[in-house]
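Structure record follows, encoded as structure tokens.
No hydrogens, no waters, no symmetry mates; every other heavy atom, side chains included, goes into these values. Just so you know, residue 1 is the first one in the sequence shown, and it goes up from there.
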Amino acid sequence: MASSVVDIARQPESIAVLLLSATLLGVIHKRLSQRNSLPLPPGPPAESWIFGNSIPKVFAYRKFEEWTKEYGPVFSLRQGFNTVIVVGRVQAAIEIMEKEGASTVDRPASIAAGETLSGGMRVLLTPAGERFKKMRRALHAHLQPKSISGYSPTLMHSARQHILDILDEPDRHQDHAKHYAAAVVMALAYGKIPKSYFDPIVQAVNRCLTRLGNNLRPGLWRVDDWPVLRYVPGYLKELQDGHKEELGLFKSQLNEVREKMARGEEIPQSFGKYLIERQNELELSNDEASYLAGSMFGAGSDTTASAISVGVMASACFPEAAERVRKELDSVIGKERPPMPSDQESLPQTMAFVLETFRWRPVSSGGFAHKATKDIIWQNYCIPAGASVIGNVWSVGRDPQFFPDPEAFNPQRWLTPEGKIKEDLKAYTFGFGRRVCPGQHMATASVFLNTALIQWAFNVRADPAHPIDNLAFTESANAHPMPFKVIFEPRAAETREGVRELLEDYGA
């Protein structure tokens, strides 16, 4: 009798019935357990009764903007049993992601990228709780705005090399931006500077980042909607192997710092050194400390490089906006010396240009999902406890109420009539609420300095032989512009050698 029941259960028809029954029970349970009678925000109808809405695996944030225009500033989707709420306008982001920050600080369960690939230790994906608090606390202590000035020599030294690299090989400007970002963030993380972007450690970290970015795309791994899939033999092996490689890499880099400290060697201040010195106080395991330093290097390097390249793209695509920056630099700095980090306050036009690049082509365009830990009532709709809440950065930065003519590249939108940076305008490029990127101040300082230096040193022109597609970006969660060509004309001096001479003592 038992064997016949097993045989029946193995038949495809029986499996389908069992799956359908489980789905029905789940939906019924969810409806019966919903405490609030208010409806969900409107949204597109589900394509599948079982699987719910189909979310594009690439450039989902662009589709979300279409749905924002159709269904309103907040709309809902269903993925399996999970409710997904997408926030796409500024005021809604303030009311839901900021004012309700305590209720949206959590992350949805991420079995694929979070638990399996990252071992639950990548702070970007770590759920709210004690581990998140202690890792976040360690990051904030080291990345406060007042700490940035101490790293100015590192920023300047690497930015000088960035300009020299462009002078030598202008066609590889995107690689040079990656080299700059890797050098700065490796110095911050481990107190050492790689000799080139092709340093084996930098390449290994970038492999990890590419893997992470690809696996963070919405809907790629069904296990996040159907957790039972984690028990299918071999299903997650690719991610398990990736975690083993990541953890080994991050541990080896932090252990190198630890060994130098044990030998009494003189080593520069770095985040890794800080973590080792205060590991017991911060209550971090060796693996947690390794992942924290490694994730800082990885995330900071990847996003900063992309943002610098977006600035180069914008300079070529919008020459009038770039010319305003150059005129400000000539007026405030002149051509006798390069701009420095300390010039930021006196260069509002340059900062406005940077802020507009952040809004126009945000690196993390789709944002990263939060999780509601209680029912949130918004304009007679209910965002239920347990729902994933996505602040779609791409859409928020295209809110026509706050950013008129949102597709236009207009740095002037960030300036007051007196020419100061507006304090009350945000595109939320670095995230929302208590999940805002802790490295935002360092990243902004890096992008500002390199943007100012590039505009001071060069006239960046579009290459008529190679038109730029300014929507051509990689498909990963942290997107990079696809390869594009521009012309770098010497500007601070008449020749490339003249520019080189002006940078001779910069950052020394």
Side-chain angles (χ1 to χ4, degrees), residues 26-46 52-53 55 60-61 63-65 67-110 114 123-130 132-133 136 218-219 224-225 364-399 401-402 424 426-437:
V27 171
I28 292 169
H29 172 73
K30 193 163 188 176
R31 294 290 181 266
L32 290 175
S33 61
Q34 187 170 338
R35 297 183 299 277
N36 202 298
S37 60
L38 292 175
L40 293 171
N53 295 92
I55 296 177
Y61 56 88
K63 185 64 179 180
F64 286 173
E65 169 64 358
W67 282 334
T68 296
K69 291 176 178 177
E70 183 175 356
Y71 295 101
V74 180
F75 66 85
S76 62
L77 304 168
R78 181 171 63 81
Q79 290 271 282
F81 293 149
N82 301 323
T83 298
V84 179
I85 305 295
V86 180
V87 180
R89 291 294 182 254
V90 172
Q91 192 57 43
I94 293 170
E95 293 169 0
I96 297 169
M97 313 295 287
E98 297 286 307
K99 292 182 179 179
E100 294 284 355
S103 303
T104 57
V105 68
D106 203 2
R107 292 289 197 208
S110 173
V123 69
L124 172 69
L125 302 173
T126 302
E130 287 308 309
F132 171 72
K133 287 179 182 176
R136 182 82 175 182
D224 290 327
D225 301 318
S364 302
S365 294
F368 298 96
H370 296 229
K371 177 183 175 182
T373 54
K374 69 169 189 178
D375 287 357
I376 298 172
I377 308 305
W378 180 82
Q379 295 192 0
N380 292 320
Y381 294 111
C382 178
I383 299 171
S388 296
V389 184
I390 298 174
N392 191 38
V393 175
W394 179 268
S395 289
V396 171
R398 278 160 176 70
D399 185 338
Q401 181 181 346
F402 288 81
D424 59 347
K426 289 180 69 176
Y428 295 96
T429 308
F430 292 97
F432 304 89
R434 301 184 187 184
R435 285 283 181 168
V436 68
C437 173

Quick one: are [X] and [Y] in side-chain contact, heavy atoms under 4.5 Å?
X	Y	result
Gln79	Ile55	yes
Phe368	Leu124	yes
Asp106	Thr104	no
Ile377	Cys382	yes
Phe402	Val396	no
Ile383	Val389	yes

For the [atom1] atom of [X] and the [atom2] atom of [Y], what is their distance to the nearest 0.5 Å?
X	Y	atom1	atom2	answer
Gln379	Leu38	CD	CG	12.5 Å
Ile85	Leu40	CD1	CG	5.5 Å
Cys437	Phe430	SG	CZ	6.5 Å

Side-chain donor-acceptor distances from residues 94-102 under 3.5 Å, at least two apart:
residue, atom, partner, partner atom, Å
Glu95, OE1, Trp378, NE1, 2.7
Glu95, OE2, Gln91, NE2, 3.2
Glu98, OE2, Gly433, N, 2.6

Taking [X] for the side chain and [Y] for the main chain, is one N or O donor matched with an acceptor at less than 3.5 Å?
X	Y	answer
Ser76	Pro41	yes
Arg107	Ala369	yes
Arg136	Val123	no
Arg434	Ser103	no
Asp399	Val90	yes

**Item:** Those residues that, when tested against Ser395, pass side chain to side chain contact (heavy atoms under 4.5 Å, CB included) (two or more places apart)
**Value:** Glu65, Thr68, Arg89, Asn392

**Request:** Using side chain to side chain contact (heavy atoms under 4.5 Å, CB included) as the criterion, list what pairs up with Pro44, not counting sequence neighbours.
**Result:** Asn53, Trp67, Tyr71, Phe75, Leu77

**Prompt:** Between His370 and Phe432, how do the two ring planes meet: parallel, tilted or perpendicular, split at 30° and 60°?
**Reply:** perpendicular

**Message:** List the residues meeting salt bridge (Lys or Arg N to Asp or Glu O under 4.0 Å) with Lys371, not counting sequence neighbours, and say none if there are none.
**Reply:** none

**Item:** Contacts of Arg398 that satisfy salt bridge (Lys or Arg N to Asp or Glu O under 4.0 Å) - sequence neighbours left out
**Value:** Glu407

**Message:** For Gly366 versus Ile390, what's the shortest heavy-atom pair and its separation?
**Reply:** O-CG2, 3.4 Å

**Complete:** Nearest heavy-atom contact between Ala427 and Gly397 is CB-CA, 4.3 Å

**Message:** Please list all pairs meeting side-chain hydrogen bond (donor to acceptor under 3.5 Å, both in side chains) that have one or both residues in residues 381-391, counting only residues at least two apart or in different chains.
**Reply:** none

